[in-house]
Amino acid sequence: MSSEAVFIQVGALAEGFAPDSHTLRGQDDLAGQTLSLYFSDGERLEVCFVDGQTLHWRGQPADYRATALRPGVLFVDFLDPQRANASITLVCNQAQGNFTAVYGQLPDEAQARLDAFSRVEQGLSLTAVTAEFRFGRLADNAAPLPAFTDELIGMRNMYTYSPTERYEHIYLNDNFYAWQCLDGVEKGLADVDRCHYVKVAEQLYLFVWREKIIPTLGVVMIDLQALRTDGKILGYQGSDFSALSNFAVGAHAQVLNTTRHPRSGA
């Protein structure tokens with residue numbers, strides 16, 4: 001009889017993913033550029049890239065990582081300089097002239113230690129990790145906005161992050177997906193977690209998940225044309241809540257199958 005798999009902290013997960021990972025090379029040509037963000041609610045912000053490592057967000061510096069899984073689609077991720085234990089991810093479709101901003105927030109220790117039964121009693125979400133989505137345009141024009149989508153629902157995909165790390169995802173419905181670790185530091189673990197899907201372009205999606213056992217936020221681009229992913233995972237380095245781990249992830253993707261349920265009443 002095999003031993004039972006045990007959940008690990010995000011810091012340990014980052015160490016397992018690091019060797020020979022399939023993450024994309026970072027964009028190093030953004031120095032001196034500015035992104036103008038016109039949010040759909042009327043707010044306007046400018047993101048200034050000081051160099052290949054630092055940007056200014058609302059006048060404050062932050063270290064960033066930028067990649068382009070597909071030409072003309074920029075993925076920019078950084079820790080929020082104005083909020084503790086939080087991150088901001090921008091997905092800018094320069095060809096369509098729009099963007100999605102994801103504001104992620106990890107719970108503090110007291111929130112994280114509130115058990116599932118108590119959360120249900122209090123009418124709270126099972127996960128204490130939060131994500132806010134804001135959409136907008138890259139110019140003051142009428143470009144179409146990104147939107148949530150159901151196009152991934154029913155797909156069962158396998159993601160190989162490195163020679164040692166392999167996972168399976170099943171996109172169940174608008175709110176939840178199932179995952180299991182096939183190989184790697186979490187081998188044998190599986191769960192169903194809260195998730196969100198945004199369509200960025202044809203066969204290109206932003207997938208965000210929020211885990212409930214170990215406080216974890218995943219923000220990943222999935223390109224079903226190139227069968228590649230790139231993004232990040234945010235969590236605590238250890239169990240003392242004193243340091244963050246915000247690390248890059250990227251994978252080769254394989255669509256295993258797709259299930260389409262009969263319509264109700266059919």
task = Can you sort out the partners of I153 under side-chain contact (heavy atoms from CB on, under 4.5 Å), two or more places apart, ordered by chain and number?
result = D150, D174, Y197
According to a hydrophobic-cluster definition based on side-chain heavy atoms being under 4.5 Å apart (Ile, Leu, Val, Met, Phe, Trp, Tyr only), do [X] and [Y] belong together?
X: L114; Y: L106; value: no
X: V219; Y: V198; value: yes
X: V10; Y: F17; value: yes
X: L206; Y: V249; value: no
X: L90; Y: V200; value: no

Compare all side-chain heavy atoms of [X] with those of [Y] and state whether any distance is below 4.5 angstrom.
X: M155; Y: Y171; value: yes
X: I88; Y: Y64; value: no
X: V91; Y: L74; value: no
X: C92; Y: L35; value: yes
X: Q180; Y: L189; value: no
X: D240; Y: E109; value: no
X: V220; Y: D230; value: no
X: L138; Y: L37; value: yes

inquiry  = Can you list everything that forms a salt bridge (charged side-chain N to carboxylate O under 4.0 Å, His left out) with R166? Sequence neighbours excluded, please.
reply    = D183
message = Considering only residues two or more places apart or on different chains, which pairs with a residue in residues 68-94 satisfy ring-ring contact (aromatic ring centres under 6.0 Å, His included)?
response = W57-F78
Report, one line per pair, each donor and acceptor closer than 3.5 Å where one atom sits in a side chain of residues 46-55; sequence neighbours left out.
{"unit_1": "E46", "atom_1": "OE2", "unit_2": "R44", "atom_2": "NH2", "d": "3.2"}
{"unit_1": "D51", "atom_1": "OD1", "unit_2": "Q53", "atom_2": "N", "d": "2.8"}
{"unit_1": "D51", "atom_1": "OD1", "unit_2": "T54", "atom_2": "N", "d": "2.7"}

Nearest heavy atoms of [X] and [Y], plus distance in Å:
X: G97; Y: A143; value: O-CB, 3.8 Å
X: A101; Y: F39; value: CB-CE2, 4.2 Å
X: N93; Y: A201; value: ND2-CB, 3.9 Å
X: P146; Y: G136; value: CD-O, 4.2 Å
X: P144; Y: N98; value: O-ND2, 2.7 Å
X: G188; Y: A5; value: C-CB, 3.9 Å

inquiry  = Set out, in order, the CA-CA distance, both residues' side-chain angles and the distance that settles ring-ring contact (aromatic ring centres under 6.0 Å, His included) for F135 and F99, then state yes or no.
reply    = CA-CA 6 Å; F135 302 109; F99 71 89; 8.5 Å; no
Verify the neighbour count for atom [atom1] of [X]: are there more than 12 heavy atoms of other residues, nucleotides or ligands below 6.0 Å?
X: Q60; atom1: CD; answer: yes
X: R260; atom1: CZ; answer: yes
X: K187; atom1: NZ; answer: no

Salt bridge present between [X] and [Y] (N-O < 4.0 angstrom):
X: D77; Y: R65; value: no
X: D193; Y: R210; value: no
X: E211; Y: R194; value: no
X: R58; Y: E43; value: yes

To the nearest 0.5 Å, how far apart are [atom1] in [X] and [atom2] in [Y]?
X: L204; Y: E151; atom1: CG; atom2: CD; answer: 11.0 Å
X: L152; Y: N173; atom1: CG; atom2: CG; answer: 12.5 Å
X: N257; Y: N157; atom1: CG; atom2: CG; answer: 8.5 Å
X: L227; Y: Q203; atom1: CG; atom2: CD; answer: 8.5 Å
X: L234; Y: L244; atom1: CG; atom2: CG; answer: 6.0 Å
X: S245; Y: I233; atom1: OG; atom2: CD1; answer: 8.5 Å

request  = With ring-ring contact (aromatic ring centres under 6.0 Å, His included) as the test, would you mind laying out the steps for H169 and F207 before giving the verdict?
outcome  = CA-CA 11 Å; H169 288 185; F207 175 62; 5.7 Å; yes
message = Under the criterion side-chain contact (heavy atoms from CB on, under 4.5 Å), I'd like the reasoning laid out for D108 against F241: C-alpha separation, chi angles, the key distance, then a yes or no.
response = CA-CA 8 Å; D108 60 25; F241 298 86; over 6 Å; no
Under 3.5 Å, is there a donor-acceptor pair between the side chain of [X] and the main chain of [Y]?
X: E165; Y: A251; result: no
X: S162; Y: T164; result: yes
X: T216; Y: I214; result: yes

query = Quick one: which of T67, N246, T23 gives a side-chain hydrogen bond (donor to acceptor under 3.5 Å, both in side chains) with K232?
reply = N246
message = Applying side-chain contact (heavy atoms from CB on, under 4.5 Å) to T259 and R156, what does each step give before you reach the verdict?
response = CA-CA 8 Å; T259 300; R156 183 174 195 152; over 6 Å; no
request  = Check the pair S125 / T127 against side-chain hydrogen bond (donor to acceptor under 3.5 Å, both in side chains), numbers first and verdict last.
outcome  = CA-CA 5 Å; S125 170; T127 175; 5.6 Å; no
inquiry  = Side chains of Y236 and Q9 only: does a donor on one sit below 3.5 Å from an acceptor on the other?
reply    = no
task = Decide whether a cation-pi geometry holds between R137 and Y38; the criteria are a distance under 6.0 Å from NZ or CZ to the six-membered ring centre and an angle within 45° of the ring axis.
result = no
Cluster companions of V120 among Ile, Leu, Val, Met, Phe, Trp, Tyr (side-chain spacing under 4.5 Å) = L126
ask   = With a cutoff of under 4.5 Å between side-chain heavy atoms, which Ile, Leu, Val, Met, Phe, Trp and Tyr residues group with L182?
value = M158, L256
key: F133 vs Y103, ring-ring contact (aromatic ring centres under 6.0 Å, His included): CA-CA, chis, key distance, verdict   = CA-CA 7 Å; F133 292 79; Y103 296 76; 9.6 Å; no
inquiry  = Working note: E186 + Y167, criterion side-chain hydrogen bond (donor to acceptor under 3.5 Å, both in side chains); need CA distance, chi angles, decisive distance, verdict.
reply    = CA-CA 9 Å; E186 291 188 309; Y167 284 73; 2.5 Å; yes
message = For D223 and R228: C-alpha separation, side-chain torsions, deciding distance, then whether salt bridge (charged side-chain N to carboxylate O under 4.0 Å, His left out) applies.
response = CA-CA 5 Å; D223 188 339; R228 286 294 307 269; over 6 Å; no
request  = Could you go through the side-chain contact (heavy atoms from CB on, under 4.5 Å) check for Y177 and V192 one step at a time?
outcome  = CA-CA 6 Å; Y177 87 111; V192 174; over 6 Å; no
